[in-house]
Amino acid sequence: MTTLTAGAQRVRTVVTVQRSWLLLGVLVLWVLLWAVLRGQDTLALARADLTDFQTWLNDLDDRLRGTWLLDVTGVISDALDGLLTFLRELVSTPAFPRPVPEIGWLGVLSIATWVAYAIAGWKHALLTAASFAAFGLLGYWEESMDLLVVTFTAVAVCLLIGIPLAVWMGRSQRVTSAITPVLDLTQTMPAFVYLLPLTLLFGIGPPAAVVVTVIYALAPVIRIGAHGIRSVSPTVLEAAASMGTNRWQVLRKVQLPMARRTIIVGVNQTVMAALSMATIAALIAAPGLGEEVVVALGSLAVGTAFVAGLAIVVMAVMLDRVTTAASERSEQLARQTTVHPRRRVVLLAGTGALALVGVYLSRYYTYFAEFPDNPDLGTPLGNAVDDASIYIQDNWFNVTKGIADAVSNGLINPLEALIADSPWYLTSAALLMISAVLGGLRSAITTAVCLGVILATGLWQDSMVTLATTLVAIVLVMVLALIFGLIIARNSRADSVIRPILDAAQVMPPFVYLVPALGLFLATRFTAIVAAVIFAAPVAIKLVADGIKNVSPTTVEAAESAGSSRWQVISKVQLPMARTGIGLAANQGLLYVFSMVVIGGLVGAGGLGYLVVSGFSQAQLFGKGLAAGIAIVALAIMLDRMTQHANIRAGQR
Amino acid sequence: MSTTAEHEASPRLSDGESVPDAALSVRGLWKVFGPKGDEIVGSPEADLPRPELLARTGCTVAVKDVSFDVAPSEVFVVMGLSGSGKSTLVRCLTRLIEPSAGDVLLDGEDVRKMSESRLRELRRTHVSMVFQHFGLLPHRQVIDNVAYGLEIRGVSKKERHAKAQEMVDLVGLTGNEHSYPDQLSGGMQQRVGLARALAVDPTVMLFDEPFSALDPLIRRGMQNEVIRLHEEVGKTMVFITHDLQEALKLGDRILIMRDGAVVQIGSPAEVVARPADDYVRDFVSDVHRSAVLTLRYVMREPLPDDSSEGPIMSPDTIVRQAARVALASAHPLRVVYDDILIGIVDNDALLRVVVAEES
Ligand SMILES: Nc1ncnc2c1ncn2[C@@H]1O[C@H](COP(=O)(O)OP(=O)(O)O)[C@@H](O)[C@H]1O
Ligand SMILES: [Mg+2]
């Protein structure tokens, strides 16, 4: 028995060692060939040049015009437009003939506060009131309302479609296996890639923004809701069946009540996803805070971008806290343990009446309708940030530039040179071999298909630049994840301090991460990498920490009792046994990094993201942007599959 | 809980034969799990050992040609080791698991021929079940858990709460109506399960190892509770257990299962006195025989010169009870049934049972 295990151990080590040597061999060969062949057949395409395929894509909207597809989307678009106009006139834009919206700031603030009170308790009502006040004080009342309108319209549609689907999926294995791959795919894609194709169908404007937000935010509520329904204990279901419960009764009296809390967690995730997409949808003319950030980023106005970004952060924290609390409280409310039901009704009616007074005041008094200009926190804050940014640029220039140069020269430039300056066939061959070594045959096949698609888009070199940037960022992310993951996993005090920060960081829409990066490093390739690292690090750190924590304490104890040093415990027990957690962190981190690197096109990252952005701004580059979107999809799938297959194989070893 | 003479007289029913007024009658019941399981029924493959059948066909014979009858108000216990098919058998009775073959008659009606809606009706009003892991609705208070069966039947809130309150009192949970299941101990949760099953006023109650998840001390209390409830409400009960003590304590008759098939059906005394095979013998080897065996199994034929002055007792008297009387008397016990002397019990015979237990 012992010898058998030892034998298996040896085989495993041999396989691992062989794999590392193989990888090294591929890299060495690649570098050698690169030294000879570099600069040849890199398939570079000048900014203004178009391939035939891209021209064809450019004309796609002409070809779609007049087809039934556009009739359908037109109807949806019109309906959404009507709804959005109504909602915006209700809370954000002047409702003709009134010079102000139907409900002014005080009314909106009171109602929002009341809703938060009803679903999440008075503490979160206070948080909500403070957040709404902050929107106004920062000078972005109208923009904040617009963002909320777009977000919540999308969320409403998501729930309307998502909850029935979740129930269906939760009750049927067949539906689960049909829908899951689609959900997987939508969650692998960077938010960015949905934008351009949707403009083909829905044009540019608020309705398109809602549609794209729905597509992006639908997955969590379906997935988590279905999980909730599916996790209802089989014993309870059997007991219900034994008493003659029919299908509808099972749903209403057993499954939905028992899954309620999980479903609300799904709603929370959907709200957060919707918020982040609704900010990015500013690129296709979604009204609201996102627009302010985009414009400010475009003109490198760090202060303005910061203030608008701060308003987004406030909104994200508020929405997350309130919906999380609502999920926790749903149980207590259902149990009526906190407040007596009759007393609760009285309290809600009373506070509701107060909120209505707020609405009344906001309709008839200008002061309560339009958020007063004074006091104004936004302008001084923006100026202060601008000053700080200038101060940093002036005084710490050497430091920031030093860091940027070090990473650029040490990592980005060599990697980019190797990947993007090799002939396309060399890079392809190298990537294929790496994919095969890491993830096996199936991974290699996916890689081959994806590389073929990228070649077909005609954007080979841009794709390789984006790939290089992504790889640099993921290396940095994994370094951070291993360091902080180990700290958190081994020290519960550090855990209690760092984890809430990570949780909060994960809630932010990716957009806001661009702002501090821009403030420190201006618009360079490096800026996007910094933003990507900040964006992806929290999720990767948490996954690594959980992976290490899941290592059985008995094993660690055994290792310690055998006299292992702390470093030996880490390197010989915890890290190897947390391999799956680390692999998962690499996979998720990669997807996060990738989606941010693409968005980094806004702040000088170059590559595919930049092409997508120019696709929005210049009509003749639309097709090229669309092609870039396709290349992004191919890259995302390639990276995702490669890491997933590698994980599976690592798990099997 | 009294052992009746009829049952003693016909310890084992053969296929096809059926007691006319049985509350529940099962004939040739099969359940085979796995792909094309129904084709295994009755085929020679069904007799293969389980692992072999699984390897060859991917099927498991969970219930194999089981027949039995349960009289009204009887407590019928099904016993066997884990995996012997008890849970599957009891679930086949109301088609929570669809049987592969055979008949199930409840009050003469064939359960397997029932439509969906008739079956639902049956489950709502006729048969209720108590589960090992309780299966309570965690989001409902005790009172609403108990009232659940009436609720889905469409009984008004006032009426069902009144009935539920009655049941809560009956199982001794008064005062806990508004608790939630997770606020109760395991034993109390199973009382809720009992009350829930009783609330719909069923004619048959099914128990699938209801006390296996409880501590031994609480388990004993719950067994007494079931005995008390049975005396009060007199329902027909099918009780699954893997615990022989529990089976002997509760059962009017016991069905012993192995690998899905019936090994023996009989009264507790019969099972202990005349185990059908080594499997059963193993089971009953460390039972307190004097507390289970009845005089029927220790008496001998009367002889002409036997004393006619000994105390008179029924053949169903338990040995331990008879011993005291017998030892106090100078004459051997006379076992009388229907005014006819059917046997004599010598003190030796009694002592043999009691002493054998000591060693
Ligand atoms: N749903 C199922 N699918 C396949 N095999 C099952 C299923 N349920 C039970 N079995 C098998 O049937 C046999 C009897 O199981 P069960 O009725 O649960 O036994 P018991 O209740 O006596 O422990 C076991 O071998 C079990 O593995
Ligand atoms: Mg069982």
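Here is how names work: the chains are called A, B, and so on, in the same order as the sequence lines, proteins then strands, and each is numbered from 1. Predicted, not measured: the structure shown is a model, and the values here were computed from it.
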**Q** Please check if the number of heavy atoms outside A:Gln187 that lie under 6.0 Å from its CD is greater than 12.
**A** yes
**Q** Answer with side chain, backbone, both or neither: which region of B:Leu122 has an atom nearer than 4.5 Å to a non-hydrogen atom of chain A?
**A** neither
**Q** What heavy-atom pair brings B:Ile152 and A:Met243 nearest, and what distance separates the two atoms?
**A** CD1-O, 3.2 Å
**Q** Contact part of B:His139 toward chain A, heavy-atom cut-off under 4.5 Å: side chain, backbone, both or neither?
**A**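 Looking at B:His139, just its side chain touches chain A.
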**Q** Tell me, yes or no, whether the heavy-atom count around B:Glu116 atom CD, taken from other residues, nucleotides or ligands under 6.0 Å, exceeds 12.
**A**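 No, because the 6.0 Å sphere around CD of B:Glu116 holds 12 heavy atoms or fewer from other groups.
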**Q** Is A:His227 atom NE2 crowded by more than 12 heavy atoms from other residues, nucleotides or ligands, each under 6.0 Å away?
**A** no
**Q** Say you draw a straight line from OG1 of A:Thr245 to CZ of B:Arg124; how long is it, rounded to the nearest 0.5 Å?
**A**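 A:Thr245 atom OG1 to B:Arg124 atom CZ measures 7.0 Å (nearest 0.5 Å).
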**Q** Does any heavy atom of chain B fall under 4.5 Å from the side chain of A:Ser233, the backbone, both, or neither of them?
**A** neither
**Q** Got a sec: does the CZ of A:Arg442 have more than 12 other heavy atoms crowding it under 6.0 Å?
**A**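 Check fails, neighbour count at 12 or below.
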**Q** Hey, are the side chains of B:Glu151 and A:Gln249 touching, using non-hydrogen atoms and a 4.5 Å cut-off?
**A** no
**Q** So which atom in A:Ala239 and which in B:Arg196 form the shortest heavy-atom distance, rounded to 0.1 Å?
**A**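 Taking every non-hydrogen atom into account, CB-NH2, 3.6 Å.
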**Q** Quick check on side chain to side chain contact (heavy atoms under 4.5 Å, CB included): which of B:Asp208, B:Val127, B:Leu96, B:Thr94 does A:Ser242 satisfy it with?
**A** B:Leu96
